[in-house]
Amino acid sequence: MKLPLALLGLSAAQNAWHVSAVPLSTWSTNSGASPHAVDMFNTAIEWNDKYWDDQAGYLITSTSGSGRYDTRHSAWYATQLLARNAPGDVAKAVRIFDNVIAGQYLDPSKQWYGDYQHAPSEPEPGTLKYPDDGPYSSWDPNIRDFVGCAWIVALADYGHLLPAATVSKVENSLHIAAKGDLYRVGGVDGDNSYPCYSNPWIMRTILQNWVGARVGDANLTKSGENFAQEIYDLWSMHRTLSEFNSPTYAGVAMWALALWNQYGTSGSRLQKFGPEMLTASWNELAQLYNANLKNLAGPWDRTYGYDMKQYASLVGAVIWGVVGRDQAPVPQQELGMYHQDDFAFYPLFALAMPSMVKYLPAKAKANLLKFPGEHFFTSKAYSPPFDTYPRNITAWVSENVTIGAETVAETVVGGPSINPSQFSPAVIQWAMDDNQIGCIAHWVTQSSIDAVAAPGSLKISYPNATADNGPVSFNLLFSGLDLANGLNVTGLEGLPGLDLEISTNALPNYTITYDTDHSVNEFVFYNVTYTMPEAFAGTPYISLRVV
Ligand SMILES: *[C@@H]1O[C@H](CO)[C@@H](O)[C@H](O)[C@H]1NC(C)=O
Ligand SMILES: *[C@@H]1O[C@H](CO)[C@@H](O)[C@H](O)[C@H]1NC(C)=O
Ligand SMILES: *[C@@H]1O[C@H](CO)[C@@H](O)[C@H](O)[C@H]1NC(C)=O
Ligand SMILES: *[C@@H]1O[C@H](CO)[C@@H](O)[C@H](O)[C@H]1NC(C)=O
Ligand SMILES: *[C@@H]1O[C@H](CO)[C@@H](O)[C@H](O)[C@H]1NC(C)=O
Ligand SMILES: *[C@@H]1O[C@H](CO)[C@@H](O)[C@H](O)[C@H]1NC(C)=O
Ligand SMILES: *[C@@H]1O[C@H](CO)[C@@H](O)[C@H](O)[C@H]1NC(C)=O
């Protein structure tokens, strides 16, 4: 049945772009974007459209957040609206710029100077009712970078669509954001901005470089050059980013490197180093990606889940842009995605695709489409000041099973982001059947872990075990059995599709719980825990071998 437009709440003008090819005739035809990138852009911006509250002039938050509306998503959406440029889009974008900028923190004496709110309902940070417990409490220092980078794209590519007053307003706001970003010094006042914090560091570098040139602030330009050199020096040690192989943040890093290449000033170090770093990122991705399982093999320095087909990740967006949604490690439907928040970012990845694929080697592209055959990967990554030595990375990538691991001795438990739910230094993934991906992820409780992958095996040991966080134990989280069909999971041995044999010097009577109170990143799992005897000699270890 065809409903009258009025019943659908659409004016004729609004409906026009919905059914016509208008979205395709704006950014995409000019940029040479592939049909896959165009599809990603349209799919994800239409998802964002559904969160738009026209009365407020913001996107409603797609997760429980700091308030009803989401400032960062709205800021991203402004750029996307300009790129689509359908009737009414530019006017909406102008409203968003006005709204988001009205919530920028302007007191230069505060650590959050130049930052943007999480949500427009938030009170001032650092007050009694909204205490400042450092970065990532009542304020998030990275929002400067996420908003700033999206708005670089808005001004550079679509500034001509905006009234002059809006252009200068956005420029001025970015100038303040960039100046505030320079307040960040790793280790000072609780700040964690080090070159090893790869994704925001790469974003801050282009923010400084681009804004410096745009407003003529030489100190910003110089800071951009210094930041580019600092991360390049660290990256060059092993040709890896410190936030190694993170299904979400490796995507952010690639996006931001594409911005270095596309928007970095000519003759800058961004333009000098960007192509090499982006090319290496593609090659690494192509080695660790398994196109059969549609997942990245471990280890994951920072992850938001255990199966990329179930949650929205930004490496997923990068691959979608190359191979199309059907073949990409992304959820195939929008409702029910885990970590759905990041879907709001996808259209910006689509816009960057032409610049990203410029440095995609043909062989790497082939691996994203078709698994190239069993191989073994080794590398290192280093995260000073957290690592006491560069982490050794090993990954066995086979047709239906991947095993990835890293040795690590850090000053903290849970990786530099001090978050065990993100840090997965030892992971096994496999095809349980034609549809389900099983995952066993090691849950960290120690700061020193030797996890080493070999063909068909994973060995985890604790060279410097402490009982500081409870009894010394190996916590292995098994997830992915969404259709158990009556199967009783009794341990790590006897799981579907993977015949494992366990050997360990821990007590043989492991515990197993299906713990719905403690899902990790929305994934529910079986928690199989092996505990060491109270008094033990030697180094605790557990070894998992595929037989
Ligand atoms: C210039 O940039 C540096 C960081 O690169 C910062 O420490 C310094 O405060 C800045 N100076 C001014 C005047 O903003
Ligand atoms: C890391 O790998 C190097 C060789 O590449 C080796 O010498 C070193 O012992 C390894 N470290 C650990 C902790 O496994
Ligand atoms: C991988 O899985 C496919 C599909 O289930 C199967 O046909 C193939 O034999 C498996 N390969 C190996 C090496 O087990
Ligand atoms: C081993 O643990 C002790 C006590 O927790 C700590 O002081 C020391 O730095 C650790 N050594 C290494 C190599 O991590
Ligand atoms: C699983 O366990 C239940 C309860 O112990 C038992 O009744 C059932 O037969 C078991 N299923 C299988 C497939 O072993
Ligand atoms: C496992 O066995 C040890 C020693 O036999 C015992 O002390 C411990 O309570 C047992 N743990 C569980 C979970 O049954
Ligand atoms: C897994 O179970 C162990 C033992 O009960 C517990 O100490 C640990 O916190 C659990 N891990 C997670 C992630 O729930």
Side-chain angles (χ1 to χ4, degrees), residues 236-240 242 244-245 284 289-295 297-299 301 307 309 327 370-384 386-411 415 423 425-426 428-439 442 444 446-465 478 480-501 511-514 526 528 538-543 545-547:
S236 298
M237 288 181 67
H238 307 292
R239 298 177 64 80
T240 52
S242 309
F244 180 79
N245 189 41
E284 177 189 292
Y289 182 61
N290 181 316
N292 290 340
L293 303 184
K294 296 206 175 80
N295 267 278
D301 280 338
D307 176 6
K309 293 196 300 182
Q327 309 234 56
K370 189 172 183 308
F371 182 64
E374 179 180 333
H375 55 278
F376 198 76
F377 175 92
T378 60
S379 189
K380 289 176 192 283
Y382 188 37
S383 295
F386 302 97
D387 278 330
T388 57
Y389 65 83
R391 307 187 298 284
N392 282 354
I393 292 152
T394 42
W396 177 63
V397 189
S398 81
E399 195 178 348
N400 295 338
V401 185
T402 67
I403 304 179
E406 63 188 337
T407 65
V408 40
E410 289 186 342
T411 55
F423 186 53
I428 302 180
Q429 261 184 327
W430 73 100
M432 282 193 295
D433 55 36
D434 286 348
N435 298 307
Q436 303 191 93
I437 302 300
C439 181
H442 175 231
V444 298
Q446 300 284 327
S447 58
S448 289
I449 301 162
D450 282 1
V452 181
S457 77
L458 170 66
K459 182 168 179 184
I460 307 170
S461 60
Y462 299 146
N464 194 20
F478 162 59
L481 189 64
D482 298 321
L483 298 169
N485 289 330
L487 179 88
N488 294 322
V489 176
T490 56
L492 298 174
E493 291 172 325
L495 294 176
L498 188 75
D499 206 353
L500 279 183
E501 192 177 83
T511 59
I512 175 165
T513 50
Y514 184 73
Y526 288 91
V528 182
T539 305
Y541 78 89
I542 187 165
S543 178
R545 203 165 64 81
V546 184
V547 292

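Atom set for the values below is all heavy atoms of this structure, side chains included, hydrogens, waters and symmetry mates excluded. In each ligand, atom 1 is the first atom listed, and ligand 1 is the first ligand listed.
Near Asn400, with a cut-off below 4.0 Å to any heavy atom, the atoms of ligand 3 are 1 (C), 2 (O), 3 (C), 8 (C), 10 (C), 11 (N), 12 (C), 14 (O). Residue-ligand proximity, Gly486 to ligand 5, at heavy-atom distances under 4.0 Å covers atoms 11 (N), 13 (C). In the vicinity of Asn488, heavy-atom distances shorter than 4.0 Å reach the ligand 5 atoms 1 (C), 2 (O), 3 (C), 8 (C), 10 (C), 11 (N), 12 (C), 14 (O).
Between the CG atom of Leu483 and the CG atom of Asp433 there is a distance of 8.0 Å, given to the nearest 0.5 Å. Note that CD of Glu406 and CG of Asp450 are 11.0 Å apart. Values are rounded to the nearest 0.5 Å.
Taking every heavy atom of both residues into account, Ala454 and Ile403 meet most closely at O-CD1, 4.4 Å. Closest non-hydrogen pair, Glu284 versus Arg239, comes out as OE1-O, 4.4 Å. Across Tyr541 and Ser461, no two heavy atoms sit closer than the pair CB-CB, 3.8 Å.
Of the heavy atoms in Asp434, only side-chain atoms (C-beta onward) come closer than 4.0 Å to ligand 3.
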May I have a table of the N/O to N/O pairs between ligand 2 and the protein that fall below 3.5 Å, each row giving the two atom names and the distance to 0.1 Å?
unit_1	atom_1	unit_2	atom_2	d
ligand 2	2 (O)	Lys380	NZ	3.3
ligand 2	2 (O)	Asn392	OD1	3.2
ligand 2	2 (O)	Asn392	ND2	2.3
ligand 2	5 (O)	Lys380	NZ	3.3
ligand 2	11 (N)	Asn392	ND2	2.9
ligand 2	14 (O)	Asn392	ND2	3.3

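At a threshold of 4.5 Å between non-hydrogen side-chain atoms, the residues Leu458 and His442 do not count as touching.
Relative ring orientation between Tyr526 and Tyr514 is described as tilted, the plane-to-plane angle lying within the 30° to 60° band.
With hydrogens and angles disregarded, a donor-acceptor distance shorter than 3.5 Å links the side chain of Asn245 to the backbone of Ala297.
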